[in-house]
Structures are given as structure tokens and as C-alpha cells.
Amino acid sequence: MEEDIDNRSIQRILQIDLGLKPYKKRKLHGLSAKETVARLKRCKALLFRHGSDDIRKIVFSGEKLFVVQQKYNRPNDRIYALSIEDIPENIRTVQWFQHSGSTMVWGAVSYNGKIPLKFIEEGVKINTKHYQNEILRSTLMPNISTLYSDNQWIFQQDSAPAHKAKSTQQWLVDNCPDFISSEE
């Protein structure tokens with residue numbers, strides 16, 4: 001049997017009568033069972049290899065593409081006014097561009113501090129050659145001694161193609177005291 005109750009009445013019953021609060025579902029990165037097992041295995045191997053003493057030696061690195069676009073969340077962005085005409089046009093609208101500007105930034109941090117950010121020129125693709133020459137050789141290596149004067153550090157990077165390349169892995173063998181390889 002279907003009752004004829006409006007949404008506002010249902011909200012009052014849920015919130016006032018029953019004391020319930022509305023919550024939004026959170027988005028999480030999905031992992032298959034196989035990926036979960038692989039991550040657990042990798043984590044255990046890394047903990048065994050490095051232990052708790054080495055955690056302060058790890059230099060975490062990564063790139064991020066920052067898009068120059070006004071943030072807008074249609075379900076949640078609200079402006080309260082008596083009428084739409086009371087809100088200035090530049091406040092009640094959001095401009096959205098098909099091809100907005102963006103900037104790629106590389107950074108590295110560790111327990112001891114951070115390496116200066118490296119801003120990648122617009123239009124540059126971070127391939128193996130660029131990653132090795134402009135990021136590792138020209139940004140990481142000249143600055144790492146400010147964090148680790150004893151040269152006892154461990155380099156960590158994600159699994160981007162330029163990072164996993166055989167020549168990059170060899171470059172790290174030749175130039176870093178230790179690193180977490182793409183196989184680990």
C-alpha cells in the first residue's frame with residue numbers, strides 16, 4: 001500500500017521525530033580482491049625491507065595537474081536571496097571553459113622537509129627523458145643534500161610510465177643511495 005506523504009513530511013519525521021541526520025555517501029577508489037591482496041603483499045614486503053627506522057629516510061614524490069577552473073558543486077552551491085534578481089550576475093553564475101588552463105607541478109617531501117616545487121612548462125609531456133633530466137637530475141639531486149647531508153635517503157615515486165621505464169630504474173640505481181623500485 002502506497003501512502004501519499006510529501007517529501008517535507010518525510011524529512012521532518014526522519015530528522016525531528018527519529019533524530020536522524022542526512023549524510024552523503026563518500027567516494028572511494030575501488031580495489032578488486034586481486035588488487036587488495038597485491039597491495040597488502042607489497043606493503044608487508046616494504047615494511048620488512050625498510051622497517052620503522054627507515055620511514056624517516058623516505059622521500060615521497062609525485063606530480064599533480066592543477067586545472068585553472070572555478071570550482072562548482074551544483075547540488076551544494078547555494079545562494080540565499082529573496083529573488084534571483086537580488087543576486088549580482090557575477091555571483092549567481094559560474095563560467096565553465098572547454099579548454100581551461102592547467103599547470104603540472106612536481107614535488108617531493110620527507111620527514112626532514114621538502115624539495116622546491118618544479119613547475120612543468122605548459123604543453124610539455126613528462127616522458128622518460130624529461131623526467132630524468134628536468135626532474136631527477138636538475139631538481140631532486142641538487143636539493144636532496146639539504147635534507148640528507150649524510151646521503152642516507154630512499155626515493156619513492158608512483159608508477160607513472162616515465163617512472164617505471166627501465167632507463168629510469170637504472171638511473172635511480174646509478175644515482176640514488178636507495179629507492180623503492182617499480183617491482184616492489
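The nearest pair of heavy atoms linking S61 to Q156 is OG-O, 2.8 Å. In terms of heavy-atom proximity, N143 sits nearest to T146 at O-OG1, 2.6 Å. Across every non-hydrogen atom of Y148 and R56, the tightest pair is OH-O, 2.6 Å. For the residue pair S110 and I58, the shortest heavy atom distance occurs at CB-O, 3.2 Å. Nearest heavy atom pair, residue P116 against residue W106, reads O-CZ3, 4.4 Å. Across T139 and I115, no two heavy atoms sit closer than the pair O-CG2, 3.9 Å.
Between I55 and Y111, the closest side-chain pair of non-hydrogen atoms is not below 4.5 Å. A 4.5 Å side-chain heavy-atom check between S167 and Q132 finds at least one atom pair inside the cut-off. Side-chain contact between V59 and V109: absent, with no pair of heavy atoms (C-beta onward) separated by less than 4.5 Å. For the pair I154/I180, a side-chain contact is recorded, criterion being any heavy-atom separation below 4.5 Å from C-beta on. Using a 4.5 Å heavy-atom threshold, the side chains of T128 and H163 count as separate. Residues L136 and T168 meet the side-chain proximity criterion, which asks for heavy atoms closer than 4.5 Å. Considering only heavy atoms from C-beta on, R39 comes within 4.5 Å of L31 through its side chain. Side-chain contact between K44 and L47: absent, with no pair of heavy atoms (C-beta onward) separated by less than 4.5 Å.
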### Task
Go through D174 and Q170 one step at a time and tell me if the side-chain contact (heavy atoms from CB on, under 4.5 Å) criterion holds.
CA-CA 6 Å; D174 297 340; Q170 187 58 52; 2.9 Å; yes
### side chain to side chain donor-acceptor pair (under 3.5 Å) evaluation trace for Y131 with E63
CA-CA 11 Å; Y131 182 66; E63 300 92 9; 4.9 Å; no
### Message
Run Q11 and N7 through side chain to side chain donor-acceptor pair (under 3.5 Å) and show every step you take.
### Response
CA-CA 6 Å; Q11 284 180 329; N7 285 340; over 6 Å; no
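Summarising the geometry, atom SG belonging to C176 is positioned 5.5 Å from atom CH2 belonging to W171; distances are rounded to the nearest 0.5 Å. Between atom CD1 of residue I120 and atom CG of residue L65 there is a gap of 10.5 Å, rounded to the nearest 0.5 Å. The line from CZ of R12 to CZ of R8 is 5.5 Å long, rounded to the nearest 0.5 Å. How far CE of M104 is from CZ of F66: 10.0 Å, rounded to the nearest 0.5 Å. Note that CD of Q15 and CD1 of I10 are 12.0 Å apart. Values are rounded to the nearest 0.5 Å. If you take OG on S181 and CD on Q157, they are separated by 9.5 Å, rounding to the nearest 0.5 Å.
The backbone N or O of S32 lies less than 3.5 Å from a partner atom in the side chain of T36, making a donor-acceptor pair. Proximity of a side-chain donor or acceptor of S138 to a complementary backbone N or O of N133 within less than 3.5 Å is detected. A donor-acceptor distance shorter than 3.5 angstrom exists from the side chain of N112 to the backbone of L147, with no hydrogens or angles considered. Side-chain N or O atoms of D54 include none that pairs as donor or acceptor with a backbone N or O of K57 at under 3.5 Å.
Residues L20 and I13 share a single hydrophobic cluster, defined by chaining ILVMFWY side chains whose heavy atoms lie under 4.5 Å apart. Using a 4.5 Å cut-off between side-chain heavy atoms of Ile, Leu, Val, Met, Phe, Trp and Tyr, with links allowed through other members, F60 and L46 fall into the same hydrophobic cluster. Follow the hydrophobic side-chain contacts under 4.5 Å out from V124 and you reach L140 in the same cluster.
Take F155 and apply the ring pair (Phe, Tyr, Trp, His ring centres under 6.0 Å) test, not counting sequence neighbours, and it matches no residue. In this structure, D86 has no salt bridge (Lys or Arg N to Asp or Glu O under 4.0 Å) partners at least two apart in sequence or on a different chain.
Between D178 and R49, at least one side-chain nitrogen of the basic residue sits less than 4.0 Å from a carboxylate oxygen of the acidic one, meeting the salt-bridge criterion.
Here salt bridge (charged side-chain N to carboxylate O under 4.0 Å, His left out) pairs that include residues 132-153, with residues two or more places apart or in two chains, are K118-E134.
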